[in-house]
Amino acid sequence: MDPYHFGLISSNLSFFPRSLVIHDGAEYALAETAGGARLVVLAPSRSSVLDAFEGERSELGDQTLLMGTLSPHNAAALRVRLPWLQPRLLGLRTSVGLGDRLGLATPGHVRAIRMVQGKIAPIFAQQSIREMTRTRRTPQQVMDDATWGVFAEGWRDGFGADADHLKTPEDIDACLAAGFTFFTIDPGAQVNNLVETASLIDLRRLVDRLPVEVQPRASGLLGKGFDIDGLWLTFSEATLLKATAKYGQAIAHVAAMYRHLEQTATPRPFELEVSVDETDQPTSHTEHLYLASELKRLGVKWVSLAPRYVGRFEKGVDYIGDLAAFEADFAGHTAIARQFGPYKLSLHSGSDKFSIYPIANRLARGLVHLKTAGTSYLEALRTIAARDPDLFQEIYAFARERYPDDKVSYHVSAELEKAPLPEDVTAWDGLLEQFDAREILHVTFGSVLSDQTLDGQRRFFDRLMAVLHANPEAYAVNLERHFVRHLQPFTENVP
Ligand SMILES: [Zn+2]
């Protein structure tokens, strides 16, 4: 250590061991105190470094020790001083999105990423606007929580920040202001799911109503055929009309969102994902090609695309469907992504889909992005089950009550009748392995985190967070184990 410094190590503070860093003449660390975690900065008293931070100062000879809360102000100042805490672009590297609804999962996520030795690029800040609303967090809070987690673990090898499932220009503005670098545009509301059974006349009528810029004639696709790595795709009039009726409005929306993003973000660089995963019908290969061709024609640039694949991607459980059918489907999508990009294929609701990871890795040849979110909440519940079984039991009983209402906005097949009754459960953490209970706990997170008692207190939130704050190591260990299982299949070399 630089003898120039007093040395935080020699103070009697207790540190998160991997947080300690010396940079540009100052020392930084995260300390554990009776009042919670604190940012500690030690710098020569004459240095201007300390001016950027807020907190209590004490003089130690010619050094000043500043101790501050994990405030938005200090997070922003720290990102300026320690540039590796700023999110960056990941490009076409194999990547994983590690959504964190509680804001405490990043340390465990970092540890899992370390275990795969730089083979997978992480996104540590990731949340959709819908989830931010449900968890009452702002884009800035999502960013700051990731900052503190990355700082705590001493991760310096870069990470992305995904503003997920954005639907309006205002969503983009809010996430840009918070420093996000990766923008997932979701035109799901503009996708017309009713075209499957429409007649040619109906399709023409639907297409006539679309904006000029996405009219079939403009696409130049009519009558064209494409050889996609042996997969032959052609655009008859009916095929093109159907693709246009289904996705035309969505393409116009993505193009408009992209232009808005480009205008607002410049000169800051950004990357884009297009997601149509939350639609009723799978995206056919021809429709994928149509989407890619049209987006390209309209000047949109993207690094990843999430089609709606065949089979069911339910939350927090393995893939439901025929693996051979998935393989054939994914093979076509990945061939299109290589030829029309290259860009990555994104696997949304990607957590716990253990049976398809080897298939996806083999076919994508590295061009893949795995997106996860709620499964980290389930690992938080696992931690609660071990440390405070009574609280977990209360949460489970409440989740069962909420499930009939909460499941409406998700694609899940869990049945209340099949999930164990609270009084029949003997091992609480084993409950997380039961399919129905797992989905029930997964989709009720918003209710669990926000439900209030009559006196206006949040019913579970503070207790749940207190257990996790008191057991950061247990939570991190659970997350690391869980995510190594997700990541390992994507590190296998493909011949
Ligand atoms: Zn999604």
Side-chain angles (χ1 to χ4, degrees), residues 1-88 103-111 113-114 118 122 124-125 138 140-159 161 177-179 181 268 465-466 468-473 475-476:
M1 190 177 289
D2 191 339
Y4 171 76
H5 293 283
F6 171 81
L8 280 175
I9 289 262
S10 55
S11 73
N12 52 11
L13 289 162
S14 154
F15 295 109
F16 288 80
R18 283 173 294 276
S19 70
L20 198 85
V21 55
I22 300 175
H23 186 68
D24 264 355
E27 293 182 41
Y28 306 83
L30 204 59
E32 265 185 295
T33 73
R38 291 287 182 272
L39 168 69
V40 182
V41 186
L42 181 72
S45 301
R46 55 184 164 69
S47 151
S48 62
V49 168
L50 293 157
D51 299 342
F53 296 92
E54 59 187 15
E56 280 175 35
R57 291 159 185 251
S58 31
E59 304 302 320
L60 302 165
D62 57 355
Q63 306 265 320
T64 296
L65 180 86
L66 179 139
M67 201 186 274
T69 59
L70 309 193
S71 64
H73 179 100
N74 281 340
L78 204 58
R79 283 190 292 266
V80 172
R81 300 302 310 183
L82 309 179
W84 57 86
L85 298 179
Q86 297 166 20
R88 57 176 96 157
L104 295 174
T106 297
H109 292 159
V110 169
R111 292 185 196 189
I113 288 292
R114 278 209 168 105
F124 290 131
T138 62
Q140 194 62 62
Q141 277 172 291
V142 172
M143 181 63 70
D144 291 353
D145 288 335
T147 299
W148 294 117
V150 170
F151 178 58
E153 284 295 314
W155 176 258
R156 295 209 202 185
D157 292 340
F159 64 96
T181 50
R268 267 172 53 197
M465 294 299 274
L468 296 176
H469 275 297
N471 297 281
E473 199 53 32
Y475 187 30

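Numbering of residues begins at 1 and proceeds along the displayed sequence. Computed from a predicted structure; not experimentally measured. Side chains are part of it too, since the values below use all heavy atoms of this structure and drop only hydrogens, waters and symmetry mates.
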*What residues form a side chain to side chain contact (heavy atoms under 4.5 Å, CB included) with A152, not counting sequence neighbours?*
L30
*Could you tell me whether the side chain of D145 reaches within less than 4.5 Å of the side chain of F124, counting heavy atoms only?*
no
Could you list the donor-acceptor pairs under 3.5 angstrom formed between side-chain atoms of residues 48-57 and any protein atom two or more places apart in sequence or on another chain?
residue : atom : partner : partner atom : Å
E54     : OE2  : S71     : OG           : 2.6
R57     : NH2  : L50     : O            : 3.2

*Could you please spell out the steps behind the side-chain contact (heavy atoms from CB on, under 4.5 Å) verdict for Y28 and L20?*
CA-CA 6 Å; Y28 306 83; L20 198 85; over 6 Å; no
*Give, for atom CD of Q63 and atom OG of S58, the distance between the pair rounded to the nearest 0.5 Å.*
11.5 Å
*Determine yes or no for a side-chain-to-main-chain donor-acceptor pair under 3.5 angstrom, with T106 supplying the side chain and V150 the backbone.*
no
_With no hydrogens and no angle check, just 3.5 Å: does a side-chain donor-acceptor pair link T69 and R38?_
no
_To the nearest 0.5 Å, what is the distance between CZ on F151 and CG on L70?_
9.0 Å
*asked:* So which atom in A105 and which in Y475 form the shortest heavy-atom distance, rounded to 0.1 Å?
replied: CB-OH, 3.6 Å
_Nearest atoms (heavy-atom pairs only) where A161 meets P87_ = CB-CB, 3.6 Å
*Measuring from L13:CG to E32:CD, what's the distance to the nearest 0.5 Å?*
11.0 Å
*Which is it for E27 and V40 under the side-chain contact (heavy atoms from CB on, under 4.5 Å) test, yes or no, and what are the steps along the way?*
CA-CA 8 Å; E27 293 182 41; V40 182; over 6 Å; no
_Rounded at 0.5 Å granularity, tell me how far CG in D157 sits from CZ in R114._
7.5 Å
*Going through the checks in order, is the side-chain contact (heavy atoms from CB on, under 4.5 Å) test met by F159 and V110?*
CA-CA 10 Å; F159 64 96; V110 169; over 6 Å; no
*Specify the closest pair of heavy atoms between A146 and A125, including all atoms of both residues, with the distance to one decimal.*
CB-CB, 3.7 Å
_Separation of L42 CG from L66 CG (nearest 0.5 Å)_ = 10.0 Å
*Check step by step if side chain to side chain donor-acceptor pair (under 3.5 Å) holds for T147 and R79.*
CA-CA 8 Å; T147 299; R79 283 190 292 266; 2.7 Å; yes
*Under the side chain to side chain donor-acceptor pair (under 3.5 Å) rule, what do S45 and E59 come out as? Steps first, then yes or no, please.*
CA-CA 8 Å; S45 301; E59 304 302 320; 3.1 Å; yes
*Would you kindly say whether D144 and Q140 are connected by a side-chain donor-acceptor distance under 3.5 Å?*
yes
*Output, in order, the C-alpha distance, side-chain angles, deciding distance and verdict of side-chain contact (heavy atoms from CB on, under 4.5 Å) for N74 and W148.*
CA-CA 10 Å; N74 281 340; W148 294 117; 4.1 Å; yes
*Any side-chain heavy atom of P72 within less than 4.5 Å of one from M143?*
no
*Could you state the interatomic distance from CZ (R81) to NE2 (H23), rounded to the nearest 0.5 Å?*
7.0 Å
*Check whether the ring centres of W155 and H109 lie less than 6.0 Å apart, and answer yes or no.*
no
